[in-house]
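All remarks here apply to the structure that follows.
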Protein chains: 2
Amino acid sequence: MIETAQQQGNPQKFPQESVIVFIQAMLPMPLEKASIIASQFERKTLAKHEFVLQEGKVCNESYFLESGYIRAFAFDPDGNDVTFNIFSPPSFVNDISSLFRRVPTKENIQALTECAIWTIPYERLQANFHAMPEFREFGRMMLIMSNTHLKDRMISMIRDTAEERYSALLRTKPDIFQHVPLKIIASYLGITDTSLSRIRREFAQK
Amino acid sequence: MIETAQQQGNPQKFPQESVIVFIQAMLPMPLEKASIIASQFERKTLAKHEFVLQEGKVCNESYFLESGYIRAFAFDPDGNDVTFNIFSPPSFVNDISSLFRRVPTKENIQALTECAIWTIPYERLQANFHAMPEFREFGRMMLIMSNTHLKDRMISMIRDTAEERYSALLRTKPDIFQHVPLKIIASYLGITDTSLSRIRREFAQK
DNA sequence: AAAACTTCTTGCCAAATGCTAAGAAGATTC
DNA sequence: GAATCTTCTTAGCATTTGGCAAGAAGTTTT
């Protein structure tokens with residue numbers, strides 16, 4: 001263990017490295033600018049089952065998920081909980097409607113595992129939007145990407161069968177199946193856990 | 001018919017009035033600012049069945065629908081067409097992903113009836129975003145509202161039954177049923193026309 | 001270690017939805 | 001106005017999905 005130059009030479013110069021990488025992937029910009037944006041975020045950890053947002057409150061922060069798994073859910077009229085999003089790293093976790101419109105949220109956002117996240121409060125987000133064009137563009141791209149994902153998801157819910165949605169998730173985000181209970185995945189796919197169990201059995205036989 | 005003061009006193013000073021009203025409802029601002037934004041739009045009419053966007057092309061315009069009905073659809077692997085949005089006036093009609101990311105669209109956007117629309121080309125949109133903070137804020141609010149609607153719709157697809165979605169549409173946008181074929185509405189609700197027909201029969205008996 | 005709880009699967013039956021086909025009614029075209 | 005096309009409904013049957021309940025397996029708590 002003599003040669004540790006790499007570690008020594010890079011003594012966490014960018015603790016927000018995962019944020020920087022993600023920003024660059026979303027909207028290419030000079031490293032310098034991306035670093036400034038990323039430096040506005042603060043690190044936190046979440047315990048398993050901890051909430052970052054609860055129904056009825058106004059969302060005051062934007063989150064970037066570095067490690068761990070998070071879900072967004074609400075309750076249907078019968079009191080069953082319905083998961084409509086599962087976040088896996090690296091990704092932004094936002095209730096855009098509540099955060100930017102300053103209205104109470106309809107969602108509960110909860111850690112499914114221990115998580116490492118980076119957060120930025122609403123006020124600092126706004127201040128940076130006004131002060132820094134790159135930050136503004138980054139925020140706009142975040143809205144656009146969120147829009148793209150939501151629409152893709154909605155089209156999939158209309159067009160694809162439950163089995164197709166399952167198979168697509170297994171292909172694109174296999175890691176979710178190792179960290180998130182199947183009953184939550186079932187809810188996310190728009191079916192019951194019973195149904196998912198059947199689909200998995202039939203799927204395995206192919 | 002002597003007293004026509006109202007018409008004479010307001011000789012279409014704001015031909016884009018419907019655009020102004022809609023902008024103000026979305027993001028309250030001085031009439032003067034809203035008028036400037038609205039004045040950037042140009043009026044067009046669409047013939048029934050005319051396309052404003054076709055799969056594979058890059059969307060180069062933003063649209064505001066003043067009158068008439070428009071749908072967005074795509075084809076599933078079997079070649080069936082799947083309607084995932086029906087626009088009724090007044091509303092913006094955008095393929096946000098294609099327009100702002102400059103990538104080919106996956107959607108076909110088509111007039112279902114004769115339409116009156118207001119359009120603005122991408123370049124002018126961008127120029128105004130940079131030149132005019134209110135225009136920028138308006139664009140951002142458009143993204144946020146689109147996001148809100150998409151998420152509400154997705155949650156409804158997961159949480160609600162087909163009958164609940166039908167009943168909600170009948171309640172919130174009854175005019176659609178007078179102008180759009182039921183087979184297209186069925187597709188939009190995520191069911192077949194056969195199924196919608198059954199639901200309507202049972203619904204009428206209640 | 002025992003107890004309590006959660007997760008996952010399975011079986012059974014009911015309900016919802018899809019598929020295909022046929023016909024009636026309405027709209028459009030010639 | 002006749003012919004053609006589209007839309008809408010209905011029927012019969014197959015498939016998918018849900019609701020409930022039970023039990024096995026795994027986790028967490030005490």
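Source: prediction; values computed, not measured. A note on names: the letters A, B, ... follow the listed sequences, proteins ahead of strands, and every chain is numbered from 1.
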Show every donor-acceptor pair shorter than 3.5 Å between a side-chain atom in residues 82-93 of chain A and any protein atom, with sequence neighbours excluded, or say none if there are none.
unit_1: A:T83; atom_1: OG1; unit_2: A:R71; atom_2: NH1; d: 2.8
unit_1: A:S91; atom_1: OG; unit_2: A:S88; atom_2: O; d: 3.2

Notebook entry, point to check: Any side-chain heavy atom of B:R140 sitting closer than 4.5 Å to one from A:L143?
Noted result: yes
Could you state the atom-to-atom distance from [atom1] of [X] to [atom2] of [N] in whole Å?
X      : N      : atom1 : atom2 : value
B:D76  : C:dG18 : CG    : P     : 12 Å
A:I199 : C:dT9  : CD1   : P     : 12 Å
B:H179 : C:dG26 : NE2   : P     : 18 Å
A:F177 : C:dT7  : CZ    : P     : 16 Å
B:R165 : C:dT17 : CZ    : P     : 8 Å
A:E163 : D:dT16 : CD    : C1'   : 11 Å
B:E164 : C:dA15 : CD    : C1'   : 14 Å
B:R159 : D:dG18 : CZ    : P     : 16 Å

Notebook entry, point to check: Is the gap between the ring centers of B:F177 and B:Y166 under 6.0 Å?
Noted result: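 Here the rings of B:Y166 and B:F177 have centres that are less than 6.0 Å from each other.
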Check: Quick one: bend of the helix from C:dA1-D:dT30 to C:dC30-D:dG1 from 5 pairs per end, to 10°?
Finding: 50°
Check: Is any side-chain N of the basic residue among B:R159 and B:E164 closer than 4.0 Å to the acidic one's carboxylate O?
Finding: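 No, B:R159 and B:E164 are not salt-bridged.
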Next item on the list: Give a yes or no on whether a salt bridge exists between B:K106 and B:D95, defined as a side-chain N under 4.0 angstrom from a carboxylate O.
Entry: no
Note to self: Side-chain N or O of B:R201 versus OP1/OP2 of D:dT10: is the shortest distance under 4.0 Å?
What the structure shows: yes
Checklist line | Modelled atom types, side-chain donor and acceptor of B:W118 and B:E42, under 3.5 Å | finding: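 Side-chain D/A pair, B:W118 to B:E42: absent.
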Next item on the list: Name the nucleic acid region contacted by B:R200, choosing base, sugar-phosphate or nothing; use a 4.0 angstrom heavy-atom cut-off, strictly under.
Entry: sugar-phosphate
Could you list the protein-to-nucleotides 22-29 of chain D atom pairs, N/O on both sides, closer than 3.5 Å?
none

Margin query: Strictly by ring-ring contact (aromatic ring centres under 6.0 Å, His included), give each pair with a member in residues 37-59 of chain B just once, sequence neighbours left out.
Written below: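 Pairs touching residues 37-59 of chain B that pass the test: none.
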Note to self: With the threshold set at under 4.0 Å for non-hydrogen atoms, list the residues of residues 180-197 of chain B touching DNA chain C in residue-number order.
What the structure shows: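 The stretch gives B:G190, B:I191, B:T192, B:T194, B:S195 as the residues lying under 4.0 Å from the strand, ordered by number.
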Check: Which residues pass the side chain to side chain donor-acceptor pair (under 3.5 Å) test with A:E55, sequence neighbours left out?
Finding: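 So A:E55 forms a side chain to side chain donor-acceptor pair (under 3.5 Å) with A:N108.
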Notebook entry, point to check: For the side chain of B:S35 and the backbone of B:L31, is there at least one donor-acceptor N/O pair under 3.5 Å apart?
Noted result: yes
Notebook entry, point to check: For the base of C:dG11, is there a side-chain donor-acceptor partner from A:R198 under 3.5 Å away?
Noted result: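 Side chain to base: no pair present.
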Notebook entry, point to check: Going through the distances and angles, do A:I117 and A:T45 end up as a side chain to side chain contact (heavy atoms under 4.5 Å, CB included)?
Noted result: CA-CA 6 Å; A:I117 63 174; A:T45 56; over 6 Å; no
Next item on the list: Considering non-hydrogen atoms only, spot the tightest contact between A:L46 and A:I70 and give its length.
Entry: CD1-CD1, 4.1 Å
